[in-house]
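In what follows, residues are counted from 1 in the order of the sequence shown.
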Amino acid sequence: MNYRMIGRLISFILIVEAVFMLPALILCLCDGNYTAAVAFAETVGVILVFSLLLRLWSRKAQKGFYAREGLICVGLSWIFLSLFGCLPFVFGREIPNFVDALFEIASGFSTTGASILDDVEALSRGMLLWRSTSHWLGGMGVLVFLLAVVPISGRNDGFTMHLLRAESPGPEVGKLVPRMKQTALILYLIYILITVLNFVALVIVKMPVFDAVCTAIGTAGTGGFGVLNTSMMSYSPAIQNVCTVFMFLFGINFGCYYLLICRQFKSVLKDEELHWYFGIAVVAIAVITISLRVHNFYPTLGETVRHAAFQVGSFMTTTGFSTTDFDLWPSIAKAILFLLMFLGACAGSTGGGFKLARMLLIAKIFSRNVKQLMYPQKVQVVRMNGRVVDEKVLSNTNAYLCAYASILAVSFLIVSLDEFSITTNLSAVVSCFNNIGPGFDAIGPTHCFSGYSALSKCVFIIDMLAGRLEIFPILVLFTRSAWVKR
């Protein structure tokens, strides 16, 4: 195990975190909120001291870096990011309880958007900006940012692919261009461009600038932290429609955007996952719209479609914003939203959930197994977008499904120690593990997670991080064999 190289990378990552705290610190100074400014300054100081110590300890790091180190480095990095990222809330006494503050920032970095705050508007603007910034950093991945822009060394030293694979969402990570550093840079440039377009669009439809900044970077990371207690309910229909469009855009595989830039339009149009992504969204919106119209929830068809499209986009991309109290909707509409919580967005996007690509692979594996029972002598292969899927990818998909179901079951049992309804506990676990944010019943869009015990909140924190990192980088930290010297 190359502990020193892991320590070296974590020191770089923490410095990146400190740099991204500076805008919030400056905003606190501009607002005259010196208590919050001091809290950020103290946190930056603590991070720099810790990073320096790590850097000194790891200065003689060896270059050997393999898949095991990649998984452990990613898992530890996100834990350290959360532990240090929650300190401004604690030092500034705006969320004085450490577990609550850790829950809040872990929800931010994992792009979950679940909150323990009953009154979001009580936070200072600097703290609100930091919450939303954590979404933006967590959306594409802090390590992807590190690989893209930070000159760790003259060469990649063989670790870039292991880090990118461990942090990026989806069943398989490939290169857009021959060098992984260039791939990471392209991904972040696309990410920044769409974020800026989102911000500009929100300002055009007359959203306040501060709200537009927080909403744009929150939408980019498909996070869902709002700056108002009512989430997106208080904004105009035009603002809500802009958010709907960009939520769906950030739920698309970023590789598709790269193909569009390269004018490979046919490759994008033939993408199976993209077909299912928009197909499922259209069907879900149509069914929910019909259900709401039958029960006369909203006065006009336009308003009904707007709310249905927004909530489908919010759940399917795991953003977690809300324009209405969907917990009051008919059972069929809530059932569709609940299923969308599992589905998630496209692989290679900033969205969470199981991912459509995995769902398609699971369906294709099931179909292949049925065919093999009928025709045992015939060789059956699984294809995605016309190409044969490697058996290793299929095996990893099956393993992911087993781990996914097991963690959901164990988490649900532990959280059920708290005296909430089954609906509340189940939707809470599903919401956190799939990085959604709101759930149903006592954690619906007008409620929060503050009523849960410290134990349940710790379970949710692990679930949120595991869900964002595709389970294995967190799971491997609890595996003895990962730490055995080989």
Side-chain angles (χ1 to χ4, degrees), residues 111-115 198 215 218-219 221-226 228-252 277-346 349-354 356 423-424 426-428 430-432 434-448:
T111 72
T112 303
S115 179
N198 191 1
T215 302
T219 305
T222 61
F225 276 152
L228 300 179
N229 293 328
T230 54
S231 187
M232 302 299 295
M233 301 179 193
S234 302
Y235 295 111
S236 68
I239 292 173
Q240 294 172 0
N241 289 334
V242 168
C243 288
T244 301
V245 170
F246 279 94
M247 283 191 295
F248 278 115
L249 289 178
F250 281 109
I252 295 173
Y277 176 66
F278 284 112
I280 291 171
V282 169
V283 171
I285 292 169
V287 174
I288 290 176
T289 298
I290 293 170
S291 172
L292 295 176
R293 289 298 289 169
V294 167
H295 291 83
N296 294 317
F297 261 81
Y298 303 105
T300 65
L301 177 60
E303 185 177 356
T304 305
V305 173
R306 171 163 53 84
H307 289 304
F310 188 98
Q311 293 310 147
V312 167
S314 181
F315 272 70
M316 196 168 181
T317 63
T318 72
T319 305
F321 286 137
S322 56
T323 58
T324 184
D325 189 355
F326 53 79
D327 204 28
L328 301 175
W329 283 3
S331 296
I332 183 62
K334 290 194 292 184
I336 291 172
L337 292 181
F338 183 70
L339 291 176
L340 292 178
M341 291 171 76
F342 290 94
L343 192 61
C346 298
S349 71
T350 59
F354 194 80
L356 266 172
T423 301
T424 299
L426 180 59
S427 66
V430 172
S431 174
C432 288
N434 290 291
N435 308 133
I436 307 292
F440 298 99
D441 204 359
I443 55 154
T446 59
H447 301 86
C448 67

Inset, instruction - Enter the distance from T318:OG1 to F354:CZ here, rounded to the nearest 0.5 Å. - result: 14.5 Å
Inset, instruction - Kindly write out the residues that satisfy side chain to side chain contact (heavy atoms under 4.5 Å, CB included) with L343, not counting sequence neighbours, or none if the list is empty. - result: I280, M316, L340, L356, M359
Inset, instruction - Keeping the roles fixed (side chain from T317, backbone from F248), state whether a donor-acceptor pair exists under 3.5 Å. - result: no
Legend entry - Partners meeting side-chain hydrogen bond (donor to acceptor under 3.5 Å, both in side chains) with N198 (sequence neighbours left out): none
Would you list the atom pairs, donor with acceptor, under 3.5 Å between side chains in residues 323-330 and any protein atom, with sequence neighbours excluded?
{"residue": "T323", "atom": "OG1", "partner": "H307", "partner atom": "ND1", "Å": "2.9"}
{"residue": "T324", "atom": "OG1", "partner": "Y298", "partner atom": "OH", "Å": "2.7"}
{"residue": "D325", "atom": "OD1", "partner": "D327", "partner atom": "N", "Å": "3.2"}
{"residue": "D327", "atom": "OD1", "partner": "D441", "partner atom": "N", "Å": "3.3"}
{"residue": "D327", "atom": "OD2", "partner": "D441", "partner atom": "N", "Å": "3.0"}
{"residue": "W329", "atom": "NE1", "partner": "Y298", "partner atom": "OH", "Å": "3.0"}

Legend entry - Minimal non-hydrogen separation, S115 against F225, with atom names: CB-CE2, 4.2 Å
Legend entry - Nearest atoms (heavy-atom pairs only) where I332 meets S291: CG2-OG, 3.2 Å
Inset, instruction - Return yes if some donor-acceptor pair links the side-chain N/O of S349 with the main-chain N/O of G351 below 3.5 Å, else return no. - result: yes
Legend entry - Euclidean distance, K334 NZ relative to Q311 CD, rounded to 0.5 Å: 13.0 Å
Legend entry - Interatomic distance, F321 atom CZ to T222 atom OG1 [nearest 0.5 angstrom]: 9.5 Å
Legend entry - Closest non-hydrogen atom pair, P445 against S322: CB-OG, 3.6 Å
Legend entry - Residue pair V430, F342: steps toward the side chain to side chain contact (heavy atoms under 4.5 Å, CB included) verdict: CA-CA 7 Å; V430 172; F342 290 94; 3.6 Å; yes
Legend entry - T112 to S431 - nearest heavy-atom pair and separation: CG2-O, 4.0 Å
Inset, instruction - Answer whether the closest heavy-atom distance between the side chains of L426 and F338 falls below 4.5 Å. - result: yes
Inset, instruction - Identify the heavy atoms of M341 and F440 that sit nearest to each other, and give their distance. - result: SD-CE1, 3.9 Å
Inset, instruction - Check whether any side-chain heavy atom of F315 sits under 4.5 Å from a side-chain heavy atom of I436, and report yes or no. - result: yes
Inset, instruction - Supply the atom-to-atom distance Q240 CD to S314 OG, rounded to the nearest 0.5 angstrom. - result: 11.5 Å
Legend entry - Donor-acceptor contact below 3.5 Å, side chain T219 vs main chain T215: yes
Legend entry - From T350 atom OG1 to L249 atom CG, the distance as rounded to the nearest 0.5 Å: 10.5 Å
Legend entry - Heavy-atom check, side chain of L337 versus side chain of I288, under 4.5 Å: yes
Inset, instruction - Tell me, with the steps shown, if T319 and F310 meet side chain to side chain contact (heavy atoms under 4.5 Å, CB included). - result: CA-CA 10 Å; T319 305; F310 188 98; over 6 Å; no
Legend entry - For the student: nearest non-hydrogen atoms of S234 and T230, plus distance: OG-OG1, 2.6 Å
Legend entry - Close side-chain approach of M233 and T446, heavy atoms under 4.5 Å: yes
